[in-house]
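Letters A, B, ... are given to chains in the order of the sequence lines, protein chains preceding strands, and every chain is numbered from 1.
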Number of protein chains: 4
Amino acid sequence: MGRAVVRAQKSPGRSAGKDAADDRARDKQRQILDAAVRVFARKGFHAARISDIAKEAGVAYGLVYHYFTNKEEVLNSIFQRNWSVVVKMMESVEQQHRGLKARLTAIVDFMMNVYKISPETVDLLVLEFGRSSRLAQTVRHPQVDRSWTVLQHILEAGQADGEVRTDTDARLLTTLFLGMVETGLAAFVTRMMQRDDAMLEEMKRAIVSTFVEGVAPRGNGGR
Amino acid sequence: MGRAVVRAQKSPGRSAGKDAADDRARDKQRQILDAAVRVFARKGFHAARISDIAKEAGVAYGLVYHYFTNKEEVLNSIFQRNWSVVVKMMESVEQQHRGLKARLTAIVDFMMNVYKISPETVDLLVLEFGRSSRLAQTVRHPQVDRSWTVLQHILEAGQADGEVRTDTDARLLTTLFLGMVETGLAAFVTRMMQRDDAMLEEMKRAIVSTFVEGVAPRGNGGR
Amino acid sequence: MGRAVVRAQKSPGRSAGKDAADDRARDKQRQILDAAVRVFARKGFHAARISDIAKEAGVAYGLVYHYFTNKEEVLNSIFQRNWSVVVKMMESVEQQHRGLKARLTAIVDFMMNVYKISPETVDLLVLEFGRSSRLAQTVRHPQVDRSWTVLQHILEAGQADGEVRTDTDARLLTTLFLGMVETGLAAFVTRMMQRDDAMLEEMKRAIVSTFVEGVAPRGNGGR
Amino acid sequence: MGRAVVRAQKSPGRSAGKDAADDRARDKQRQILDAAVRVFARKGFHAARISDIAKEAGVAYGLVYHYFTNKEEVLNSIFQRNWSVVVKMMESVEQQHRGLKARLTAIVDFMMNVYKISPETVDLLVLEFGRSSRLAQTVRHPQVDRSWTVLQHILEAGQADGEVRTDTDARLLTTLFLGMVETGLAAFVTRMMQRDDAMLEEMKRAIVSTFVEGVAPRGNGGR
DNA sequence: AATGAATGAGATTTCATTCAT
DNA sequence: GATGAATGAAATCTCATTCAT
């Protein structure tokens, strides 16, 4: 409840009154979204009532409708907000790092860190969104497609560099990598595994090394 | 009321009518469960109405309540029925096959074949059940735990045989393997990938080889 | 459950097979009615389900419909059966006894004894039927009217004999007497009072003497 | 949600809107309760549907749930509201009047007047609540116990003053008195007796005098 | 006679959404 | 902007009753 959100500085030079009002509005909106993350993570999208979210946010439930069209839009906003962060991260990783292992390590690192910081968010993304074709049909976030594409690029680069075998479709390998990450997270989410830092670290290492070794070209003079 | 009736032998001599009735009852139950699989897969558990299931099964919705306590129990029955098949398969694989690769291949084969035969069932299991901690908390199917355990045994055997590196927890590797399989299936379920046989075959090969290579001990001449 | 009902001897001289069948039928019917009394007393008419009655009687619920048109008819049968006993008792009391006090004593005695023997029956009659105008409207048992009439006669006889003051309507006094009896019983039914024999005896005495003294003519040559 | 709100004084200066809203809310609640009294009296608790109450009150049925948890809580509120009036009356009678006859006369007067003003309320209290042990078990209104206690005190005072014979338990006599009043009312409720004022007056007199005479100590020159 | 599968009307209850204040 | 009263569609579930066996 009431987590202290760091307020971003806004573009200076506007009417102070307006800005203050905008600020308050943005705060309220964020307050509601934060509450929604927790409630959705706790009860699931369907079972979560708007009034639950409002109560968690400490506002009247009518206000939720002031900021969002309906319940689904609340969920969409959450996805938008979070996936755009993931996509940005992936894009920057592609730019900043070289080599398959370094890149995947950076990505897995980031994901696991997010989990440490806000497990509810990950719970929600994994449980409600992860793969739901039904939601996907209604929602179809281009962000998600973009993240797949970036990953695919990384793997294709690996194939070009001889780090990844070329006899398998890069898109398919992308699937497998995401599967490991996702299910790895899910194991924590569903309490299949203990939620402690050591475990998280081991998980990171296992995912990266298993995948990198697993997709390495082999055979002739190979490994 | 009167469901899951254990058939006892009754006074011989006039039991035919009774038995026929019981048979019909069992048929109707199965008819309802089959319909439920399709409806759940199509709309998801929450969005599926009992009346949808009844309509799909071609019975009055009251009959669903005649055989099942409520909607959740319908879902549970489906899980029970299907997971027990998976568990049996895994156990038999452990008995019949030797060697990590052979065993995992057999398992992945089976899973993908089930998908070919009854994609709705897999859709349902993957989407609704796959990992939902919320459902899991209420339901806690021992069958699921059992399947994890069997897989873990297989990996531990691999460690003992030197096929799997020993510096990583077998349970953790189990997670990763299941993640690949599950997300591999999910890619079809969510239409992220084309549902054709060639693709399924390539997926099978990719999963097994990536995982087996990925978890192989390295070192000797290796990495 | 399964209280041992004393089977009445039937008119001798009929076809034995027929009689035996009739007997069995009557037994089943009585079995169902006895069960119904207990269930209605326990849960109330509305909350009692036909299946509860059938279960209590140890028969299939379809059979209830073989013997009774519907749930309401089951209740009616119970009333019929019991009130006719009460009416007969009152009529015989009017014949056998002389004097207001003797007659009322006999009546109260009987009522309280019934309570000792079958509290459920009294519970049911008092709670579901006692005064329910709504049921009364649908049911309108002539038996009930008859019992009022007999009592009224007894009071009118008392007026004629100078035991009861004549300045008050006999029907009204009937109401008051029945009110005492009914509420007296109700106090046990609702556990407002301890259900022990001494209390029952004191209740009997109090009802009769309070009423008899209360309605005695007074005044001039009176007290 | 937000029912039975205790009105707190809020920051003075802009509370008018809020207060007006609260007033409206209280009005609506009462409107619903009044409607419920009529519907329950007409059809009985079980047969009354929430939608009947809503229709009678002229509101959407959802609103009933906005103010009350469920149907039973509606009934409870009615009991609470009405019995507290009865209890207060009895307490004030005990204070204001002296002598058994005066006190009981005042009580019976009040009861019969309530009946004249709102027969439905009395119908409901008498028919649904009067004694129902089943409801009583769930509800157990302390108000009802309190009214018994006050009456008992009045009778004990009568015993102390020599107006009531001491050889009978005061609680038992309380039962009888209430029985007369209740059944007296019931006779009107169930249309066993004509609902006219003259009859009501005669009933009043008959109840009080029968009871007072009936419980008077006898002996001296008596019987 | 006896059974219980099958039906479906109908009741309760929930909750997203609108809207007056 | 903020509130929460008001609405009513829709979903779950119950159970009296019918009927084939």
For A:Lys28 and for B:His46, find the nucleotide of DNA chain F with the closest heavy atom, then tell me which residue's nucleotide is more 5'. A:Lys28
B:Arg49 vs C:Thr69, nearer the 5' end of DNA chain F by closest nucleotide: B:Arg49
According to side chain to side chain contact (heavy atoms under 4.5 Å, CB included), who are the partners of B:Ala47, at least two apart in sequence or on a separate chain? A:His46, B:Lys43
All side chain to side chain contact (heavy atoms under 4.5 Å, CB included) counterparts of B:Glu120, not counting sequence neighbours: B:Val37, B:Arg38, B:Ala41, B:Ser118
Between side-chain atoms of residues 62-70 of chain A and protein atoms elsewhere (two or more places apart, or another chain), which donor-acceptor pairs fall under 3.5 Å?
| residue | atom | partner | partner atom | Å |
| --- | --- | --- | --- | --- |
| A:Thr69 | OG1 | A:Glu73 | OE2 | 3.1 |
| A:Asn70 | OD1 | A:Glu72 | N | 3.2 |
| A:Asn70 | OD1 | A:Glu73 | N | 3.0 |

Check every atom of F:dA6, E:dA2, E:dT13 against the side chain of D:Asn70 and return the nucleotide holding the closest atom. E:dT13
Please determine, for the side chain of C:Tyr67, which listed nucleotide (E:dT13, F:dT3, E:dA2) has the closest atom? E:dA2
Would you mind classifying the nucleic acid contact of A:Ala48 as base, sugar-phosphate or nothing, using non-hydrogen atoms under 4.0 angstrom? sugar-phosphate
Indicate, with a heavy-atom threshold strictly under 4.0 Å, whether B:Ile50 touches base, sugar-phosphate, or nothing. sugar-phosphate
Taking only residues two or more places apart in sequence or in another chain, which ones pass salt bridge (Lys or Arg N to Asp or Glu O under 4.0 Å) with D:Arg30? none
Near DNA chain E, which residues from residues 55-62 of chain B have a heavy atom under 4.0 Å away? B:Val59, B:Ala60, B:Tyr61, B:Gly62
Could you check whether any side-chain heavy atom of A:Arg42 comes within less than 4.5 Å of a side-chain heavy atom of A:Glu56, counting everything from C-beta outward? yes
Pair assignment for DNA chain E - dot-bracket with | for other-strand partners, Watson-Crick or G-U under 3.5 Å: .||||||||||||||||||||
